[in-house]
Peer 1: 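I'd like to ask some things about the structure below.
Ligands are counted one by one from 1 in listed order, and the atoms in each one are counted from 1 as well. Because the structure is a prediction, the values reported are computed rather than measured. If you read the sequence from its start, that first residue is 1, and numbering goes on from there.
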Amino acid sequence: MTARTITILGATGSIGASTLDLVRRERDKWQVAALTANGNAAELAKLAREFGAQLAVVADEAALPALREALAGSGIEAAGGAGALVEAAARPADMTMAAIVGCAGLAPTMAAIARGQSVALANKEALVSAGDVLMAAVAQSGATLLPTDSEHNAIFQCLAGNDLGHVRSITLTASGGPFREWSAEQLAVATPAQAVKHPNWSMGAKISVDSATMFNKGLELIEAHHLFPVGLDKLKIVVHPQSVVHSMVEYRDGSTLAQLGPSDMRVPIASCLAWPERMDTPCDPLDLAALGQLTFRAPDEVLFPATRLCRQAAEAGGAAPAVLNAANEVAVAAFLSGQIAFTRIAVMVEEVLGRYAPAAPAALGDVIAIDAEARSHAHRLLELA
Ligand code: NDP
């Protein structure tokens with residue numbers, strides 16, 4: 001069997017590490033084409049050497065000298081900058097894992113999609129911001145888009161072989177994040193260290209904060225709206241603190257199919273890497289008797305307004321999701337750097353959404369321009385605060 005080629009965009013992150021862990025276990029089946037990072041040249045070079053990558057790219061050009069130095073004598077090509085990132089994504093690879101965090105991953109993800117091969121999409125902000133533009137690119141290139149987010153991967157699996165016309169509803173499960181039992185008073189003084197300490201999942205800082213605010217679930221609602229176009233009224237959210245049921249699809253006959261699994265991203269990543277086959281993972285099997293019970297409850301949209309804001313942005317369509325995403329990225333960074341309070345994140349997003357309503361994007365360049373302008377609106381709000 002010939003090895004399949006793989007490119008990992010965001011190789012030094014949490015999803016990148018989980019993907020490479022699976023590749024490491026089946027080294028004979030994979031050949032690594034390109035690995036990318038933002039500025040972590042040392043880790044990127046280490047991974048590129050271990051996996052014998054053909055190309056390593058840092059998005060931050062200032063990190064290129066360090067990358068070159070760390071790769072000296074290895075024969076691995078090194079490159080830096082936004083253009084090099086897109087060029088790396090445009091190189092042939094049977095599979096691309098799109099795992100850059102934020103809208104920064106949009107242009108390389110689109111370049112991978114344009115090739116018409118398989119793209120495993122973890123970078124939810126790209127789909128939230130570019131929505132119709134990204135899905136149109138998938139249709140045009142014939143790329144196979146495999147949802148990697150655990151919820152969307154669960155839905156993808158539950159839908160297999162079924163017509164969307166038979167779907168009565170799709171339910172995204174949410175752990176509720178680390179603050180799910182907190183009061184308004186506690187949320188007002190929540191610290192970045194508390195916000196990134198997720199009870200069930202080990203993830204990067206940005207998605208961990210999104211999980212704490214529930215923006216993660218809201219972004220996922222928008223993501224699901226594009227991946228599984230059954231209509232927003234059929235998309236529901238339920239809080240499920242154990243994170244064992246990863247999402248569900250209810251059919252018109254009253255059957256509900258759910259996908260269950262451990263809280264380990266290697267399970268949905270493996271599903272993407274092996275699709276339409278299956279592969280082994282080192283994850284422990286589910287022990288339902290040991291778990292004892294699985295609980296579910298409705299989300300609290302008063303304490304956690306993010307899902308309401310995301311639903312409204314999805315309903316508004318056009319540029320609204322890109323504006324929401326950009327404002328959230330700026331607000332999360334400001335919270336992580338101690339500039340604003342936790343509860344200010346949603347307030348800021350709502351303010352930017354209310355102040356700035358650009359025309360719907362028709363192409364990638366429009367989305368990038370909307371993202372940039374929404375960010376400057378958000379930064380202006382930060383300066384005024
Ligand atoms: P991490 O923060 O752990 O990793 C992010 C990766 O993107 C790193 O390789 C980082 O490089 C790179 N990166 C950061 N900024 C830029 C930039 N401006 N340009 C190019 N590359 C950049 O994030 P996660 O792995 O947690 O998440 C990645 C994506 O997957 C996100 O969209 C997230 O929502 C999604 N996701 C993550 C899950 C998880 O369990 N972690 C679950 C489901 C979805 P460097 O190391 O050099 O900074």
Peer 1: Look up atom NZ in K234 and atom OG1 in T171, then write down how far apart they are to the nearest 0.5 Å.
Peer 2: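 Rounded to the nearest 0.5 Å, the NZ-OG1 separation comes to 12.5 Å.
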
Peer 1: If we count only N and O atoms by modelled type, under 3.5 Å, do the side chains of E43 and T12 hold a donor and an acceptor together?
Peer 2: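 No - no donor-acceptor pair under 3.5 Å links their side chains.
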
Peer 1: Any side-chain donor paired with an acceptor under 3.5 Å for S243 and N200?
Peer 2: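 Yes.
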
Peer 1: Check whether the ring centres of Y251 and H166 lie less than 6.0 Å apart, and answer yes or no.
Peer 2: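 No, the ring centres sit 6.0 Å or more apart.
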
Peer 1: Centres of the F228 and F156 rings: under 6.0 Å?
Peer 2: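 Not under 6.0 Å, so no.
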
Peer 1: Do L382 and Q339 have side chains that approach each other closer than 4.5 Å (heavy atoms only, starting at C-beta)?
Peer 2: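 SC-SC contact between L382 and Q339 confirmed.
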
Peer 1: Check ligand 1 for close polar pairs with the protein: N or O on both sides, less than 3.5 Å.
Peer 2:
from, atom 1, to, atom 2, distance (Å)
ligand 1, 3 (O), S14, N, 2.8
ligand 1, 9 (O), G10, O, 3.4
ligand 1, 9 (O), T12, N, 3.3
ligand 1, 9 (O), T12, OG1, 2.7
ligand 1, 9 (O), G13, N, 3.2
ligand 1, 11 (O), T12, OG1, 3.2
ligand 1, 11 (O), N38, N, 2.9
ligand 1, 25 (O), S14, N, 3.1
ligand 1, 25 (O), I15, N, 2.9
ligand 1, 26 (O), G204, N, 2.9
ligand 1, 30 (O), A122, O, 3.4
ligand 1, 32 (O), E125, OE1, 2.7
ligand 1, 41 (N), S14, OG, 3.2
ligand 1, 46 (O), T12, OG1, 2.6
ligand 1, 47 (O), N38, N, 2.9
ligand 1, 47 (O), G39, N, 2.8
ligand 1, 47 (O), N40, N, 2.9

